[in-house]
Amino acid sequence: MDENLKEKRLYVLKLKLKKVQSQRGFFIKNFIKVLLSIIGISLYVSFFTDIYSKQDMINVTKGKILYELIFTSTLCVFFSVLAHFIWGIQDRMKIIKLKEEIDKLEKEILS
């Protein structure tokens, strides 16, 4: 492989590494956005399920909307936390792979 191409490839790999490192931890960096989206999804699901049910006023008076809101919020939080950990593991694996490629290319360029 040409020396110039190797240097360009090394530059691209370093940019990819910076991009992956800057995008890590989406849920922590955007905590307010994630929290508002969880609340929005929960409200949407809890209110629109009652609109399409036959016993809307009975559900409202018995407080069923509150239970649906808590249930959907809990599900959204669970899946968000699960996604946070899974995407964190994937990011770490991608960073390790990119660092290995960068080291390999740097050794090839130096030799």
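If you read the sequence from its start, that first residue is 1, and numbering goes on from there.
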CD1 of Ile96 to CG of Asp91, rounded to nearest 0.5 Å, is 11.0 Å

Inset, instruction - State plainly whether one hydrophobic cluster holds both Val12 and Leu17, where clusters connect Ile, Leu, Val, Met, Phe, Trp and Tyr through side-chain heavy atoms under 4.5 angstrom apart. - result: no

One should read off an interatomic distance between Asn4 CG and Ile109 CD1, to the nearest 0.5 angstrom, of 10.0 Å

Given side chains that start at C-beta, do those of Ile28 and His84 come closer than 4.5 Å, heavy atoms only? yes

(message) With heavy-atom distances below 4.5 Å as the criterion, would you say the side chains of Arg24 and Arg92 are in contact?
(response) yes

Side chain to side chain contact (heavy atoms under 4.5 Å, CB included) test vs Ile38 passes for just one of Ile41, Leu36, Val34, namely Val34

When rounded to the nearest 0.5 Å, the distance separating OG of Ser73 from CG of Leu35 is 9.0 Å

Please check if atom NZ in Lys97 has more than 12 non-hydrogen atoms from other residues, nucleotides or ligands closer than 6.0 Å. no

ask   = Do Met93 and Leu13 belong to the same hydrophobic cluster, where Ile, Leu, Val, Met, Phe, Trp and Tyr are linked whenever their side-chain heavy atoms lie under 4.5 Å apart, directly or via other members?
value = no

Note: with side-chain heavy atoms under 4.5 Å as the link, the other cluster members for Tyr11 come out as Leu15

Could you tell me if the side chain of Phe78 sits less than 4.5 Å from the side chain of Thr74, heavy atoms only?
no

Cut-off 3.5 Å, no hydrogens considered: what does the side-chain donor-acceptor table look like for residues 98-107, sequence neighbours left out?
| unit_1 | atom_1 | unit_2 | atom_2 | d |
| --- | --- | --- | --- | --- |
| Glu101 | OE1 | Arg9 | NH2 | 3.2 |

Between the CD atom in Gln21 and the NZ atom in Lys94, the distance rounded to the nearest 0.5 Å is 12.5 Å

- Query: Are Ile89 and Phe79 connected in a single hydrophobic cluster, I mean Ile/Leu/Val/Met/Phe/Trp/Tyr linked by side-chain heavy atoms less than 4.5 Å apart?
  - Reply: no

